[in-house]
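All remarks here apply to the structure that follows.
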Amino acid sequence: ARLTAAAAAVSGSRGGALLLAAAIAGDVPARTRLAELLSAGNLPPELWFFRALGESGLDALSGPLAQALDRVEPEIQLAVAAALLDLGNPAGERALAAALAEADERALEALEYLAEARSPATDGLLEGALTGTPLARDAARIALFGRGQGEVPDLVRLFTDGDADGRVRAARAAGRRLDAEPGLQGQDRLRTTLREALPEADPGLQLAIIEA
């Protein structure tokens, strides 16, 4: 009841997260108002909002969100696309596929979102990225490892030989795979590799290793 009352009192895009929480809880007026915000492109700037939106399971919001895809700022466009992908809207898959075909910076950004996506279409997009540039190809292999594909020695090599960003991606993928597959073959070697890298790692990599 408090959530419904708070959602009814909020206004503007800053209330998007509260409206989403109320909508997930079954508040139909909140879902209607959120759909209006999304279709108008009046979106919160926080990237976590779009991840929560994609994980919400509220398929009715995918159409309004798709209307905003081409109007939002470039900085959040791929976050919107990833939310659409997880909501089952093909516009998200098309936008991410287009980004994967662009230069490394944009392709790597798309791969960051795909590494955490839940849609069954994600694996196909990642496998398509294996034909890209060396940086994109390695990032795609790392993301696929986190989703259950690939062997530990390959990830260890990518972790050991990668640049700073690649090592962070590999550590996060290791954590996802270990969490999802407790009986992973070679897990002791993977844990040892991460543990040995911890003392000399920079702060960003340390956090990724600790989490893994």
Side-chain angles (χ1 to χ4, degrees), residues 13 16-17 38 41-56 61-62 65-150 154-155 158-159 161-177 201-209 211-212:
S13 64
L38 297 176
N42 194 8
L43 308 179
E46 294 88 2
L47 297 180
W48 57 260
F49 169 81
F50 300 102
R51 183 171 298 143
L53 186 59
E55 294 173 355
S56 71
L61 295 176
S62 72
L65 185 61
Q67 294 178 39
L69 182 60
D70 294 328
R71 301 202 304 271
V72 299
E73 298 85 351
E75 292 78 10
I76 64 172
Q77 188 176 47
L78 292 183
V80 172
L84 287 168
L85 179 72
D86 278 344
L87 289 172
N89 191 304
E93 183 175 355
R94 289 194 297 269
L96 288 162
L100 290 173
E102 295 185 27
D104 272 340
E105 183 176 357
R106 190 68 166 171
L108 290 172
E109 184 184 357
L111 287 163
E112 290 285 349
Y113 288 108
L114 288 169
E116 299 186 12
R118 299 185 176 191
S119 167
T122 302
D123 285 354
L125 288 168
L126 290 172
E127 288 162 3
L130 294 175
T131 61
T133 66
L135 275 176
R137 185 168 62 244
D138 286 348
R141 284 175 178 158
I142 289 169
L144 285 166
F145 180 88
R147 297 176 63 83
Q149 297 187 37
D154 294 328
L155 187 80
L158 290 167
F159 176 82
D161 298 341
D163 60 13
D165 291 338
R167 299 188 81 194
V168 170
R169 283 192 288 269
R172 290 174 178 164
R176 284 191 289 269
R177 183 73 174 268
D202 61 54
L205 180 55
Q206 281 188 335
L207 289 174
I209 292 173
E211 184 176 0

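Among pairs with a residue in residues 77-92, none fulfils salt bridge (Lys or Arg N to Asp or Glu O under 4.0 Å), at least two apart in sequence or across chains. Listed by first and then second residue, the salt bridge (Lys or Arg N to Asp or Glu O under 4.0 Å) pairs involving residues 127-141 are Asp138-Arg141 (not counting sequence neighbours). The salt bridge (Lys or Arg N to Asp or Glu O under 4.0 Å) pairs that include a residue from residues 68-84 number zero, where partners must be two or more places apart or lie in different chains. Each salt bridge (Lys or Arg N to Asp or Glu O under 4.0 Å) pair with one or both residues in residues 115-126, not counting sequence neighbours, appears once here: Arg51-Glu116, Glu55-Arg118, Asp123-Arg147.
Annotation: side-chain contact (heavy atoms from CB on, under 4.5 Å) contacts of Glu211 (sequence neighbours excluded): none. Residues meeting the salt bridge (charged side-chain N to carboxylate O under 4.0 Å, His left out) test with Arg176, sequence neighbours left out: none. Residues satisfying the side-chain contact (heavy atoms from CB on, under 4.5 Å) test with Ala171, not counting sequence neighbours, are Phe159, Leu194, Leu205, Ala208, Ile209. Qualifying salt bridge (charged side-chain N to carboxylate O under 4.0 Å, His left out) partners for Arg169, counting only residues two or more places apart in sequence or in other chains: Glu112. Checked against side-chain contact (heavy atoms from CB on, under 4.5 Å), Leu47 has the following partners two or more places apart in sequence or in another chain: Ile76, Ala79, Tyr113. Looking at residues two or more places apart in sequence or on another chain, you find a side-chain contact (heavy atoms from CB on, under 4.5 Å) between Ser62 and Leu84, Leu87, Asn89.
Remark: side-chain polar atoms of Arg172 are not paired, donor with acceptor, to backbone N or O of Ala115 under 3.5 angstrom.
Nearest heavy atom pair, residue Leu78 against residue Ala110, reads CD1-N, 3.8 Å. The minimum heavy-atom distance between Ala83 and Leu65, with the atom names listed, is CB-CD2, 3.9 Å. When all heavy atoms of Ala17 and Trp48 are compared, the pair lying nearest together is CB-CH2, 3.6 Å. Here the shortest heavy-atom pairing between Pro44 and Phe49 reads CD-CE2, 3.8 Å.
The structure places CG of Leu38 at 8.0 Å from CZ of Phe50, a figure rounded to the nearest 0.5 Å. Leu53 CG to Leu43 CG: the interatomic distance, rounded to the nearest 0.5 Å, is 9.0 Å. Rounded to the nearest 0.5 Å, atoms CD1 (Ile142) and CG (Leu158) are 5.0 Å apart.
A heavy-atom distance below 4.5 Å is found between the side chains of Asp163 and Leu135.
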Donor-acceptor contacts, no H, no angles, side chain residues 90-108, under 3.5 Å, sequence neighbours left out:
unit_1: Asp104; atom_1: OD1; unit_2: Thr133; atom_2: OG1; d: 2.4
unit_1: Arg106; atom_1: NH1; unit_2: Glu109; atom_2: OE1; d: 3.4
unit_1: Arg106; atom_1: NH2; unit_2: Gln77; atom_2: OE1; d: 2.9

